[in-house]
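Below, read A as the first sequence line, B as the second, and so on, with proteins coming before strands; counting in each chain starts at 1.
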Amino acid sequence: MKAQQDQLVIYNTLKGEKEPFIPLVEGKVGMYVCGPTLYSEPHMGNMRTFINFDLIYRYLLHLGFEVKYVRNITDAGHITNSAGQEVDSIGAAAKAEQLQSLEIVYKYAVKFQELQRIYNMLPPSIEPTATQHIQEQIEIIEQIIANGYAYEVNGSVYFDTRRYMQDYNYGILSGRKVDELENETRTLNAQDEKRFFADFALWKKANPDDMQIWRSPWGNGNPGWHIECTAMSTKYLGKQFDIHGGGMDLKFPHHEDEIAQSCGSFGCNPARYWMHANMLNVNGQKMSKSFGNYFLPKQILEGSTGLFEKSYSANVVRFFMMQAHYRSNLDFTQDALNAAEKGLSKLTDAVATLERLEAKETSSFDVPALVQSFYKAMNDDFNAPILVANLFEATRLINLVNDGKEQISAPDLALLKEKIAVFVFDVLGLQKEAAGAESRLVPVMELVLDLRGQARTNKDWTTSDQIRDGLAKAGIVVKDGKEGTTWS
RNA sequence: GGUCUCAUGGCCGAGCGGUUAGGCACCGGUCUGCAAAACCGUCUACAGCAGUUCGAAUCUGCUUGAGACCUCCA
């Protein structure tokens with residue numbers, strides 16, 4: 001696996017290009033991914049990012065890296081809205097639902113956990129929350145002030161962007177130039193306490209109606225949104241670690257400000273590799289809460305999105321996402337989901353066929369090269385769609401062996417079985433299809449199909465077809481294959 | 001308005017200068033009592049216009065169109 005580790009190349013947003021992945025400590029990876037803000041149930045678009053980083057996590061694990069994967073849960077923090085006001089979105093949701101802030105967070109955290117299980121995502125090593133790390137956030141803010149990159153005004157603390165720019169490059173990640181921003185962004189309004197439009201809040205003085213308030217050296221208040229990630233990543237992964245990930249939409253200002261906070265407090269960019277997952281689209285437009293074009297993962301499973309005629313399993317949705325690269329947009333359409341459903345079925349059928357194959361003396365095709373193509377795809381910036389294409393090539397060959405048109409040796413067969421299982425289940429995170437049917441139905445179907453089999457033996461096609469048509473009405477499809485009749 | 005990204009066959013979606021991406025659909029075939037399913041095969045596209053090159057989907061310029069960020073967002 002070490003040899004494969006050395007082949008891994010990652011697209012680093014910081015550099016704008018792919019680079020060989022060299023961890024700070026050989027064989028170990030520290031990875032931080034910005035998690036959800038739990039003021040509502042995560043929608044399918046949110047899930048895409050987490051599923052993509054789950055893929056990355058899984059592949060790093062398969063390569064034998066010892067990975068510490070930290071993904072936070074935002075359960076506090078003030079953000080700046082379009083009107084330039086500092087807003088507590090969780091507090092707002094709490095008021096709307098007439099619950100306490102922590103009730104809101106807990107309610108949606110439970111749902112998020114459930115979704116992670118359904119979509120077969122491995123749990124991160126740690127899922128820290130912002131509210132558990134207020135002290136760490138305060139300490140970092142104090143450090144930034146001590147270093148001269150932040151100032152206090154009336155119980156709030158702001159990052160001093162102009163001062164920071166004298167020593168560091170603000171915009172290093174997003175490519176933004178502050179002087180360009182200046183003309184285009186909202187201007188300071190009269191009651192604004194910031195010295196400069198690009199300054200951002202590290203700590204915000206409490207409002208009388210705030211639901212959550214913490215003590216600080218600057219009085220009672222709330223942390224800013226960006227500082228929590230700096231505090232938690234530093235605490236669990238150190239001042240510098242390997243990979244920082246998140247959605248494309250967090251690049252600016254969230255990640256840019258994280259870099260500023262880390263540089264402003266510890267003097268270094270927190271992560272060597274910044275990775276950004278692209279958005280999930282609906283009709284060519286980003287799925288988002290504010291556009292209203294979103295739907296919930298549960299609605300896909302239930303077929304209640306209102307957009308599609310039928311439901312799709314979590315496995316199908318996951319496979320669908322694996323057919324697009326994590327850095328590309330992906331359009332969520334019914335045709336595409338149907339195609340994924342059929343394709344997945346073809347792939348899982350071949351996985352089952354593989355178990356039944358019989359080995360011959362020699363192989364008629366290059367199995368090690370085929371297996372190597374799986375690694376080559378994933379080593380190239382986690383190119384899952386290429387991996388899937390190569391798995392379909394394997395599928396074709398498996399079927400040809402099954403038909404006796406190709407042959408495979410015993411060692412090659414063992415290798416292929418092992419690696420197909422690794423890439424389909426461990427890396428892509430697809431699940432073996434559950435039996436699906438109710439257990440009581442199984443003996444009933446055995447009986448019915450046995451009777452139909454007798455009719456067929458007697459060439460009593462009328463009875464045989466009557467049974468088949470009747471079952472079809474109940475949604476059960478009967479298939480007559482070479483090795484007997486199956487149903488689903 | 002600024003910054004940036006992208007435009008691929010009926011649909012989704014890889015591709016980073018020369019090789020069939022792949023899946024779905026369509027079509028042809030095998031199998032089958034019929035059907036369905038399954039399997040095999042076929043289908044050669046890169047928004048437009050110029051340019052660079054022996055050679056361009058891939059590089060450059062322009063045009064057109066779409067999207068993202070600039071405000072919370074995964």
Side-chain donor/acceptor of A:Arg468 to base of B:A36, under 3.5 Å = no
query = With centres under 5.5 Å and planes under 30°, do A:Trp461 and B:G33 count as stacked?
reply = yes
query = Should the pair A:Arg58-A:Asp54 be classified as a salt bridge under the 4.0 Å nitrogen-to-oxygen rule?
reply = yes
task = Give one of base, sugar-phosphate or nothing for A:Gln285, where a contact means two heavy atoms less than 4.0 Å apart.
result = sugar-phosphate
Annotated protein contacts, base or backbone, on nucleotides 14-19 of chain B with a non-hydrogen cut-off under 4.0 Å, one of B, S, - each = SSB---
task = With heavy atoms under 4.0 Å as the rule, sort A:Leu337 into base, sugar-phosphate or nothing.
result = nothing
task = With a 3.5 angstrom cut-off on both distances, give the Watson-Crick or G-U wobble partner of B:A57, or none if there isn't one.
result = none
Heavy-atom donor-acceptor pair, A:Arg396 side-chain to B:C39 base, under 3.5 Å = no
request  = For A:Thr333 and for A:Ala277, locate the closest nucleotide of RNA chain B by heavy-atom distance; then report the residue assigned to the nucleotide nearer the 5' terminus.
outcome  = A:Thr333
inquiry  = By the 4.0 Å heavy-atom rule, please label A:Phe332 as base, sugar-phosphate, or nothing.
reply    = nothing
key: Closest heavy-atom pair and its distance - A:Pro124, A:Tyr69   = CB-O, 3.3 Å
query = Does A:Glu114 pair with A:Arg117 as a salt bridge, N-O distance under 4.0 Å?
reply = no
Presence of salt bridge, A:Lys204 and A:Glu193, under 4.0 angstrom = yes
inquiry  = Taking any heavy-atom pair under 4.0 Å as a contact, classify A:Met279: base, sugar-phosphate, or nothing.
reply    = base
query = So which nucleotide does B:C6 pair with, by the Watson-Crick or G-U wobble rule with both distances under 3.5 Å?
reply = B:G65
inquiry  = Does this structure show an ion pair linking A:Asp381 with A:Arg327, if we count only N-O contacts that are shorter than 4.0 Å?
reply    = yes
remark   = Re B:A37: Watson-Crick or G-U wobble partner, both distances kept under 3.5 Å, found to be none
query = Just checking A:Ala336: base, sugar-phosphate only, or nothing, at a heavy-atom cut-off of under 4.0 Å?
reply = sugar-phosphate
request  = Select base, sugar-phosphate, or nothing to describe what A:Leu347 touches, counting heavy atoms under 4.0 Å on all strands.
outcome  = nothing
message = When you measure from the side chain of A:Glu355 to the backbone of A:Ala352, do you find a donor-acceptor pair of N or O atoms at a distance under 3.5 Å?
response = no
ask   = Hey, does A:Lys289 reach any base, or is it just sugar-phosphate, or nothing, if we go heavy atoms under 4.0 Å?
value = nothing
message = What contact category does A:Lys251 fall into here, base, sugar-phosphate, or nothing, at under 4.0 angstrom with non-hydrogen atoms?
response = nothing
Carboxylate-amine/guanidinium contact A:Lys107 A:Glu41, below 4.0 Å = no
ask   = If you pin A:Val478 and A:Val388 to their nearest nucleotides in RNA chain B, which one's is more 5'?
value = A:Val388
inquiry  = Over all strands shown, is A:Gly284 touching base, sugar-phosphate only, or nothing at heavy-atom distances under 4.0 angstrom?
reply    = sugar-phosphate
task = Answer yes or no: is there an ion pair linking A:Asp465 with A:Arg468, defined by an N-O contact shorter than 4.0 Å?
result = yes
task = For A:Asp331, report the nucleic acid contact type (base, sugar-phosphate, nothing); a contact means any heavy atom under 4.0 Å.
result = sugar-phosphate
